[in-house]
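All residue numbers in this chain count up from 1 along the given sequence. As the structure lists them, so they are numbered: ligands from 1, and atoms in each ligand from 1.
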Amino acid sequence: MKARTCLAIVLAAGEGTRMHSARPKVLHAVAGRSLLAHVLAAVAETGVTAAAVVIGVGQDAVAAEVERLLPGADCYVQREPQGTAHAVLAARRAIERGADDILIAYGDTPFVRPATLRRLRAALAAGAAVAVLGFRPSDPTGYGRLIVAGDRLIAIREDTDASPSERAIGLCNGGIMALAGAHALAILERIGERNRKGEFYLTDAVEIARGMKLDAVAVEVEEDEVRGINTKAQLAEAEAVAQQRLREAALEAGVTLVAPETVFLSADTKFGKDVVVEPYVVFGEKVRVEDGAVIHSFSHLVGAHIGKRAQVGPFARLRRGTRLGEGARVGNFVEAKEATIEAGAQAKHLSYVGDAVVGAGANIGAGTITCNYDGGQKHRTIIGKDAFIGSNSALVAPVEIGAGAYIGSGSVITEDVPAGALALGRGRQVVKEGRATRLRGPKAPGKKKVHAHD
Ligand code: UD1
Ligand code: CA
């Protein structure tokens with residue numbers, strides 16, 4: 001049998017007024033990536049043949065996020081947010097191209113799993129024209145209620161339009177629906193706007209399909225999977241759920257999290273074997289930690305690759321483009337950005353290493369700063385293998401320190417230093433015997449008493 005084709009439509013045009021934010025709702029982040037990114041990842045993993053995202057007027061940032069995440073997806077603009085069915089019809093051209101299954105997901109419902117999306121499609125393959133994800137939330141307020149009879153779905157009633165008895169129903173609309181491609185347009189075109197909000201509700205698809213003698217079914221899932229995010233409070237709850245899942249997955253994979261509840265992960269954080277993460281560590285997007293590495297407390301990592309048995313922190317800040325080689329060490333109050341710190345190299349205290357390469361085995365003394373920015377441009381610092389940079393040195397980029405070179409403490413290095421050379425760039429020390437004693441005179445100078453007028 002030929003595999004069924006599938007068009008996924010992700011709705012992201014709503015104004016998200018309840019977020020009280022200048023940023024489009026679907027660009028708010030959970031577990032280090034946007035709500036939209038979570039949905040698109042699930043859609044992509046489901047194995048769809050085409051994808052469309054419906055965005056609002058002027059939501060260029062949303063279009064850019066789609067382009068970044070799923071370049072094959074087409075964006076359609078919904079001129080005015082007139083409801084979820086109206087939004088789906090903004091992607092009419094994509095629907096007209098034809099697909100066996102049309103999967104509709106909401107951009108503000110980030111946790112749906114690909115397996116669940118496949119269950120919805122399976123319901124279509126089994127003959128239903130409409131399949132809806134249902135769940136039983138602890139608090140159903142705000143969700144549409146699913147009215148069922150036996151194993152058939154009769155209607156979905158929006159919270160604002162529901163009667164008191166309908167409102168008492170615990171089974172709610174998870175906001176993800178599958179429509180049989182053959183009937184989708186006919187169903188969508190029949191949806192009206194006669195309801196309390198005066199919007200075109202996608203949820204009316206169920207009653208309309210039944211009126212056309214077509215079948216509708218509900219597929220039930222856990223609340224966490226269909227948690228919709230409309231407010232900042234729900235965003236925070238979703239973050240808690242996501243973190244819980246990510247921590248469990250990390251523990252399950254063998255990572256030692258000493259105090260899991262204090263470690264914050266991103267959806268894409270990757271760990272090797274025997275990694276130890278001490279309490280209070282934050283992993284932003286795109287971090288990979290290889291086997292045996294230790295991340296000490298209070299470290300903050302984004303876009304960093306930590307090599308085998310490397311050690312980070314406590315109190316380290318590793319920014320995008322940081323790469324630590326095997327056994328490298330970055331200690332307390334060290335910041336690194338676009339920096340490769342090769343195997344066995346160390347920067348253990350109070351340093352900034354930016355736009356730099358630190359060769360294997362090199363030692364960066366406390367307080368060393370790569371002066372990478374001249375106010376206009378960024379420049380690179382190259383430090384050779386086994387070089388020694390004395391404490392409190394400023395390396396004014398662009399500059400290259402050769403392999404095995406030695407920089408005296410407190411130097412300001414503005415010119416390249418050849419391999420094996422010693423470089424000193426500091427004022428020479430002057431010692432004047434007995435001068436301090438003489439300056440003080442016979443008695444040590446006491447502080448003059450000053451009477452404050454306060
Ligand atoms: C919707 C459902 C409700 C369900 C809930 C699940 C409808 C009418 N209601 O309610 O039954 O329980 O989701 O979370 O479908 N959008 C557009 N254009 C619009 C309106 C919305 O693109 O004109 C997008 C939004 O960006 C959002 C999604 O559709 O991603 C859902 O819209 P929202 O207003 O949040 O619907 P709910 O009131 O939560
Ligand atoms: Ca919603």
Side-chain angles (χ1 to χ4, degrees), residues 8-19 21 23-28 34-40 43 52-59 62-63 65-66 75-91 104-112 130 132-137 139-147 153 155-162 166-167 169-177 179 188 191-208 216 218 220-221 223-235 237-238:
I9 303 176
V10 178
L11 305 188
E15 289 171 324
T17 34
R18 287 168 281 179
M19 295 295 268
S21 168
R23 179 189 298 191
K25 174 160 76 175
V26 296
L27 296 189
H28 284 77
S34 69
L35 302 181
L36 186 61
H38 285 278
V39 179
L40 292 180
V43 161
V53 180
V54 179
I55 64 173
V57 175
Q59 289 189 336
V62 180
E65 178 80 338
V66 173
C75 282
Y76 293 87
V77 176
Q78 185 191 18
R79 298 272 154 230
E80 258 181 274
Q82 295 182 54
T84 42
H86 183 262
V88 175
L89 280 172
I104 301 160
Y106 293 170
D108 69 349
T109 306
F111 295 140
V112 66
V130 181
V132 175
L133 266 197
F135 73 117
R136 297 178 188 278
D139 176 14
T141 315
Y143 289 110
R145 307 298 201 283
L146 300 191
I147 302 171
L153 180 59
I156 306 180
R157 195 74 69 234
E158 285 307 292
D159 198 43
T160 40
D161 302 296
E166 286 168 339
R167 220 168 263 162
I169 296 172
L171 186 61
C172 291
N173 175 19
I176 291 159
M177 193 182 277
L179 295 177
L188 290 166
I191 293 177
E193 57 192 314
R194 261 181 293 136
N195 50 56
R196 201 131 319 138
K197 280 202 196 157
E199 286 188 355
F200 296 87
Y201 288 164
L202 179 61
T203 44
D204 286 351
V206 173
E207 271 177 296
I208 288 167
E220 231 183 290
V221 287
E223 172 169 19
D224 282 344
E225 224 182 298
V226 284
R227 210 171 258 283
I229 293 166
N230 303 303
T231 63
K232 291 280 166 73
Q234 287 171 337
L235 185 68
E237 275 171 42

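For ligand 1, the polar-atom distance check against A13 finds a nitrogen or oxygen pair separated by under 3.5 Å. Geometrically, ligand 1 and Q82 share a nitrogen or oxygen pair separated by less than 3.5 Å. At under 3.5 Å, a nitrogen or oxygen of G83, whether backbone or side chain, sits near a nitrogen or oxygen of ligand 1. At least one N or O atom of G144 sits closer than 3.5 Å to an N or O atom of ligand 1. The shortest N/O to N/O separation between K197 and ligand 1 does not fall below 3.5 Å. Where the criterion is an N or O separation shorter than 3.5 Å, residue side chain and backbone included, T109 fails it with respect to ligand 1. Taking only nitrogen or oxygen atoms, main chain and side chain alike, E158 reaches within less than 3.5 Å of ligand 1. At a 3.5 angstrom cut-off on N or O pairs, V26 does not count as close to ligand 1. In terms of polar-atom proximity, G175 is not counted as a contact of ligand 1, lacking any N or O under 3.5 Å from an N or O of the ligand.
Within the structure, the closest approach of N230 to ligand 1 falls below 4.0 Å when heavy atoms are considered. Under a 4.0 Å heavy-atom criterion, R227 is not in contact with ligand 1.
Judged by distance alone, with hydrogens and angles left aside, the side-chain atoms of R167 form a donor-acceptor pair with the main-chain N or O of D159 at under 3.5 Å. Counting only distance, with no hydrogens or angles, the side chain of D161 and the backbone of R196 share a donor-acceptor pair below 3.5 Å. The backbone N or O of D204 sits nowhere less than 3.5 Å from a side-chain atom of E207 that would complete a donor-acceptor pair. Put simply, the side chain of H28 gets close to the backbone of K25: a donor and an acceptor are under 3.5 Å apart.
Partner of P110 under the side chain to side chain contact (heavy atoms under 4.5 Å, CB included) criterion, chosen from L36, L235, I229, V26: I229.
Using a 4.0 Å cut-off to heavy atoms of A87, the atoms of ligand 1 that qualify are 17 (C), 18 (N), 22 (O). Contact atoms of ligand 1 toward Y201: 8 (C) (distance under 4.0 Å to a heavy atom of the residue). Remark: ligand 1 atoms within the under-4.0 Å shell around heavy atoms of G107 are 30 (O). Per-residue contacts place T203 under 4.0 angstrom from the following atoms of ligand 1 (heavy atoms of the residue considered): 7 (C), 8 (C), 11 (O), 15 (O). Below 4.0 Å from some heavy atom of Q78 lie the following atoms of ligand 1, by number and element: 17 (C), 18 (N), 19 (C), 22 (O), 23 (O).
In this structure the side chain of L133 reaches within 4.5 angstrom of the side chain of V112, judged on heavy atoms. Proximity of V10 to V66: side-chain heavy atoms (C-beta onward) are nowhere separated by under 4.5 Å. L179 has its side chain out of reach of V88: every pair of non-hydrogen atoms, C-beta onward, lies at least 4.5 Å apart. Counting only heavy atoms from C-beta outward, the side chains of V39 and T109 never approach each other to under 4.5 Å. Residues E158 and N195 form no side-chain contact, since every pair of their non-hydrogen atoms from C-beta on lies 4.5 Å or further apart. Two residues are said to be in side-chain contact when any heavy atoms from C-beta on lie closer than 4.5 Å; T203 and T84 fail this criterion.
L11 CB, 3.7 Å is the protein heavy atom nearest to atom 24 (C) of ligand 1. In this structure, the protein non-hydrogen atom closest to atom 28 (C) of ligand 1 is Y106 CG, 3.6 Å. The nearest heavy-atom contact from the protein to atom 6 (C) of ligand 1 is N173 O, 3.4 Å. Protein heavy atom at the shortest distance from atom 38 (O) of ligand 1 is R18 NH2, 3.7 Å. In terms of protein heavy-atom proximity, atom 35 (O) of ligand 1 is closest to D108 OD2, 3.1 Å. Here the protein heavy atom with the shortest distance to atom 17 (C) of ligand 1 is G14 N, 3.3 Å. Looking only at heavy atoms of the protein, atom 32 (O) of ligand 1 is closest to T84 CG2, 4.0 Å. In terms of protein heavy-atom proximity, atom 14 (O) of ligand 1 is nearest to Y143 CE2, 3.7 Å.
Counting heavy-atom neighbours within 6.0 Å of E193 CD, excluding the residue itself, gives a total above 12.
Around the Ca ion (ligand 2), protein atoms of type N, O or S found under 3.0 Å number 2.
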Subject >> side-chain contact (heavy atoms from CB on, under 4.5 Å) between M177 and L202, worked out >> reply: CA-CA 9 Å; M177 193 182 277; L202 179 61; 3.8 Å; yes
**OP:** Step by step, work out the side-chain contact (heavy atoms from CB on, under 4.5 Å) result for Q78 and H86.
**Re:** CA-CA 8 Å; Q78 185 191 18; H86 183 262; 2.8 Å; yes
**OP:** Apply side-chain contact (heavy atoms from CB on, under 4.5 Å) to L89 and F200, showing your working.
**Re:** CA-CA 10 Å; L89 280 172; F200 296 87; over 6 Å; no
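Under 4.0 angstrom from ligand 1, the non-hydrogen atoms of A12 all belong to its backbone. Proximity of Q59 to ligand 1, defined as any heavy-atom pair under 4.0 Å, is not found for any part of the residue. Looking at K25 against ligand 1, only its side chain comes within 4.0 Å, counting heavy atoms. With a 4.0 Å cut-off on non-hydrogen atoms, P81 touches ligand 1 through its backbone as well as its side chain. No part of V226 comes within 4.0 Å of ligand 1, judged by heavy-atom distances.
Considering all non-hydrogen atoms of both residues, S34 and E65 come closest at OG-OE2, 2.5 Å. Between I176 and Y106, the shortest heavy-atom distance links the atoms CG1-N, 4.5 Å. Scanning both residues, A218 and L153, for their nearest heavy atoms gives N-CB, 4.2 Å. Across all non-hydrogen atoms, the minimal contact from L146 to G134 is CD1-CA, 3.6 Å. Taking both residues in full, the closest heavy atoms of G228 and Y143 are given as N-OH, 3.3 Å, listed atom of the first, atom of the second, then distance.
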